[in-house]
Undergrad: 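This is the structure I have questions about; it appears just below.
Below, each value reflects all heavy atoms present in this structure, side chains not excepted, and no hydrogens, waters or symmetry copies. One-based numbering, in listed order, for ligands and for the atoms of each. Every value quoted in this text rests on a predicted model; they were computed, and no experiment measured them.
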Amino acid sequence: MDRTFLEELNKRRTFGIISHPDAGKTTLTEKLLMFGGAIQMAGAVKAKRAGRYATSDWMTIEKERGISVTTSVMKFNYNGFEVNLLDTPGHQDFSEDTYRVLTAVDSALMVIDSAKGVEPQTEKLMEVCRMRNTPIMTFINKLDRDGLSPLDILADIEEKLQIECAPLSWPIGMGKRFRGVYNLYHRQLHLFTAGGQTRHQEGVLITDLADPRVDEMLDSQAGELRDDVELLEGAANPFELDQYLKGSQTPVFFGSAINNFGVRELLDAFVEMAPPPKARATTTRMVSPEEPAFSGFAFKIQANMDPAHRDRIAFVRICSGKFTRGMKVFQTRVGKPVTLSNATIFMAQDRTHVDEAYPGDIIGIHNHGTISIGDSFFEKERLSFTGIPNFAPDHFRRVRLENPLKAKQLLKGLTQLAEEGAVQFFRPMSGNSYILGAVGVLQFDVTMARLKAEYGVDAAYEPVTFAAARWVTSDDRKQLEAFEKDMYASLAHDSQGKLAYLASSLWRLENAMEEWPGIDFHKTRELA
Ligand code: G4P
């Protein structure tokens, strides 16, 4: 095995941030990029958010997406590690992409607002991480403000997210009384200074908290720290690397992203502990990143910013082997070879052409709609990666076609947009309409705008009373037939003809699941 290849592989860290809007993801991203030297000043990533849009104006969407293309993958180097941070869109642009990005990472960083604890979007994203036992590192943010007690936050995480917490640092006070953190792992005391620097501030090594220097530095709060640490030693879970790597334990850090406090420690621990690229499952075998032959899969597709050009960028995560410009690979679904000549790697600010990339890296491939979400690319074999599914939508709309003569274009447009992962559609077994399903409501605006711009289809939405969708299967054919007969009015086929149950409320869904124990209800569907 080529030594440089192994070195390159082992220094890759590919991750995403899971958080609820406003917890501090953007601020933390910015600080991480500053440490990585990828940006010089705060504000660069934030500028992206300038247009928190809620409009269906096509150009606005395009403009916003144009900017988000460059921030979809942020690559930086830190302490000799090559870090790829994949953006998990939040706020209004929360969509199925957000979930799917998490299928392309090797680990995740969870940011929690200390005043709010675990919030709904974090819970949803965590569910996706759990599907693959993704290792999660936790950063409790905004300690410069008054929030919940650290123990309550840990209890909240353990209860709501069903993951064991192992604190590696511990805060000393909070809000106005916030004095800093004690690193339990390195036994170092870090004192808080507001508006902190990116420059490395060494903590003070305190091996024994009885050390009188602790009193000098913390005055009356020294006792609090001693009590807390004593309590933790008895009650907290000790950190175990293998439990973290299995996704059953999360190491926890405390800090304040905006003050740049605790971020460096977090990043140091992250590059050391977070896993390099892992083996991935295909329909027939596991593919190890060390295999010399190239392989990868598309997890996100971005339409071009310029509506005059129909080309798209497919974001491909490299799973094994080395990518070299111009290499020929086999696109399994299509059954044809493709030449990867026009690949791009995404930097924080800019897109630059690359000649080489390694497992864990993301390359962008330009195409004209020939690549679908979940497509696999192999240099030598014809395999298909699994685990890049569709996720059950939470929002629904019925499409009303303004001009019935455009029915064919509508179907074509919806089929292509579904393949791209922009939206999902369902055809109810009763009636002749299309129901669109999305994880984030902005997907509806984008779909409508693109149907008009790219397929010349004028359509409108009508509200529908669906609250949840589940793909249904059963090993028992008789049960399935009975279910289909009984639930006919609530059943639909998706864009690939798979059977789905559309429930008008979560209560009804639960009811159906209880009533039909022989039927399996799935929240995800593997892409064929
Ligand atoms: P997001 O991407 O997760 O949505 O969060 P973002 O970083 O935008 O942060 C949300 C708000 O929280 C921002 O304030 C940000 O300045 C603030 N924030 C982030 N980290 C900290 C922290 O450590 N302490 C405190 N006190 N606040 C923090 P905003 O008023 O919404 O935006 P802005 O006007 O500051 O840009």
Side-chain angles (χ1 to χ4, degrees), residues 15-36 38-39 41-54 64 67-68 70-74 85-95 97-99 101-102 108-126 129 136-148 150 153 157 169-181 190-198 201 252-267 348 440 442:
F15 79 110
I17 297 182
I18 60 175
S19 64
H20 191 83
D22 285 332
K25 184 189 76 168
T26 313
T27 311
L28 182 66
T29 299
E30 221 156 60
K31 306 295 175 186
L32 294 175
L33 293 179
M34 282 167 77
F35 281 121
I39 57 170
M41 47 185 265
V45 179
K46 212 147 232 188
K48 171 195 148 198
R49 271 204 356 218
R52 283 184 188 173
Y53 48 84
E64 173 70 14
I67 301 164
S68 65
T70 52
T71 53
S72 291
V73 183
M74 290 162 275
L85 168 51
L86 309 197
D87 187 32
T88 43
H91 291 283
Q92 260 95 302
D93 47 1
F94 180 70
S95 69
D97 271 352
T98 314
Y99 288 159
V101 160
L102 294 173
L109 191 62
M110 175 161 76
V111 182
I112 292 201
D113 182 332
S114 66
K116 305 219 174 111
V118 176
E119 296 177 87
Q121 197 162 300
T122 312
E123 280 187 71
K124 285 182 172 188
L125 295 171
M126 182 70 183
C129 290
I136 315 262
M137 199 168 269
T138 301
F139 184 70
I140 316 274
N141 191 27
K142 305 196 189 182
L143 264 289
D144 59 317
R145 284 206 186 151
D146 285 321
L148 305 168
I153 300 173
I157 295 174
S169 78
W170 199 252
I172 305 152
M174 65 171 70
K176 287 206 170 62
R177 295 183 70 248
F178 184 50
R179 301 298 306 276
V181 293
H190 293 265
L191 291 182
F192 174 65
T193 43
Q197 322 267 313
T198 47
Q201 291 158 314
V252 180
F253 293 84
F254 292 84
S256 166
I258 199 138
N259 288 294
N260 211 355
F261 189 77
V263 177
R264 181 136 216 158
E265 280 180 286
L266 176 75
L267 185 56
L442 184 77

Undergrad: Quickly, which of Asn141, Asp87, Ile18 forms a side-chain contact (heavy atoms from CB on, under 4.5 Å) with Lys25? Name it, please.
TA: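 Per the side-chain contact (heavy atoms from CB on, under 4.5 Å) rule, the option paired with Lys25 is Asp87, out of Asn141, Asp87, Ile18.
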Undergrad: For Leu148 versus Gly117, what's the shortest heavy-atom pair and its separation?
TA: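 It is CD1-N, 3.8 Å.
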Undergrad: Can you find an N/O atom of Leu28 closer than 3.5 Å to an N/O atom of ligand 1?
TA: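 Such a contact does not occur with ligand 1.
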Undergrad: Can Asp22 and His91 be said to form a side chain to side chain contact (heavy atoms under 4.5 Å, CB included), step by step?
TA: CA-CA 8 Å; Asp22 285 332; His91 291 283; 3.9 Å; yes
Undergrad: Could you check Val252, Ile17, Ile136, Leu125 and say which one makes a side-chain contact (heavy atoms from CB on, under 4.5 Å) with Met110?
TA: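 Of Val252, Ile17, Ile136, Leu125, side-chain contact (heavy atoms from CB on, under 4.5 Å) with Met110 is met by Ile136 alone.
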Undergrad: Say whether Asn259, considering both its backbone and side-chain N or O atoms, lies within less than 3.5 Å of an N or O atom on ligand 1.
TA: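 No; every N/O pair is 3.5 Å or more apart.
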Undergrad: Does Glu30 reach ligand 1, in the sense of a heavy atom lying below 4.0 Å from it?
TA: no
Undergrad: Applying a heavy-atom cut-off of 4.0 Å, say which part of Asn141 lies close to ligand 1: side chain, backbone, both or neither.
TA: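 Side chain only.
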Undergrad: List ligand 1 atoms under 4.0 Å from Lys25, heavy atoms only on the residue side.
TA: 1 (P), 2 (O), 3 (O), 5 (O), 7 (O)
Undergrad: Any N or O on Gly255 sitting closer than 3.5 Å to an N or O of ligand 1?
TA: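 Among all N and O atoms of Gly255, none is under 3.5 Å from an N or O of ligand 1.
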Undergrad: Would one find an N or O of Pro21, backbone or side chain, under 3.5 Å from an N or O of ligand 1?
TA: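 So ligand 1 has no N or O lying under 3.5 Å from an N or O of Pro21.
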Undergrad: Under a 4.0 angstrom heavy-atom cut-off, which atoms of ligand 1 come close to His91?
TA: 4 (O)
Undergrad: Within less than 4.0 angstrom of ligand 1, does Ala257 place any heavy atom?
TA: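 Yes.
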Undergrad: Going by heavy atoms in the side chains, are Pro120 and His20 under 4.5 Å from each other?
TA: yes
Undergrad: Walk me through it: do Ser95 and Leu442 pass the test side chain to side chain contact (heavy atoms under 4.5 Å, CB included)?
TA: CA-CA 7 Å; Ser95 69; Leu442 184 77; over 6 Å; no
Undergrad: So which heavy atom on Glu265 is nearest to which on Phe253, and how close?
TA: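 Between these two residues, the closest heavy atoms are O-CE2, 4.3 Å.
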Undergrad: Check each heavy atom of Thr26 against ligand 1 and say whether those closer than 4.0 Å belong to the side chain, the backbone, both or neither.
TA: both
Undergrad: If you measure from each non-hydrogen atom of Arg145 to ligand 1, which part falls under 4.0 Å: side chain, backbone, both or neither?
TA: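 It is the side chain that gets close, since no backbone atom is under 4.0 Å.
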Undergrad: Under 4.0 Å from a heavy atom of Asp22: which atoms of ligand 1 are those, numbered in the order shown and with their elements?
TA: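 Per the distance check, 1 (P), 3 (O), 4 (O), 5 (O), 10 (C), 12 (O).
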Undergrad: Which of these passes side-chain contact (heavy atoms from CB on, under 4.5 Å) with Leu109: Leu28, Thr138, Leu85, Thr29?
TA: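 Running side-chain contact (heavy atoms from CB on, under 4.5 Å) over Leu28, Thr138, Leu85, Thr29 with Leu109 returns exactly one hit, Leu28.
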Undergrad: From atom 23 (O) of ligand 1, work out which of Ser256, Gly262, Ser114 has a heavy atom at the shortest distance.
TA: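 Going through Ser256, Gly262, Ser114 one by one, Ser256 has the nearest heavy atom to atom 23 (O) of ligand 1.
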Undergrad: List every atom of ligand 1 that sits less than 4.0 Å from any heavy atom of Thr27, numbering the atoms from 1 in the order shown and giving each element.
TA: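 Per the distance check, 6 (P), 7 (O), 9 (O), 15 (C), 19 (C).
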Undergrad: So how far is it from Lys31 NZ to Leu266 CG, rounded to the nearest 0.5 Å?
TA: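 Atom-to-atom, Lys31:NZ and Leu266:CG are 13.5 Å apart.
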Undergrad: When you compare ligand 1 with Ser19, is there at least one nitrogen or oxygen pair between them that comes in under 3.5 angstrom?
TA: no
Undergrad: Check the pair Phe261 / Phe254 against ring pair (Phe, Tyr, Trp, His ring centres under 6.0 Å), numbers first and verdict last.
TA: CA-CA 9 Å; Phe261 189 77; Phe254 292 84; over 10 Å; no
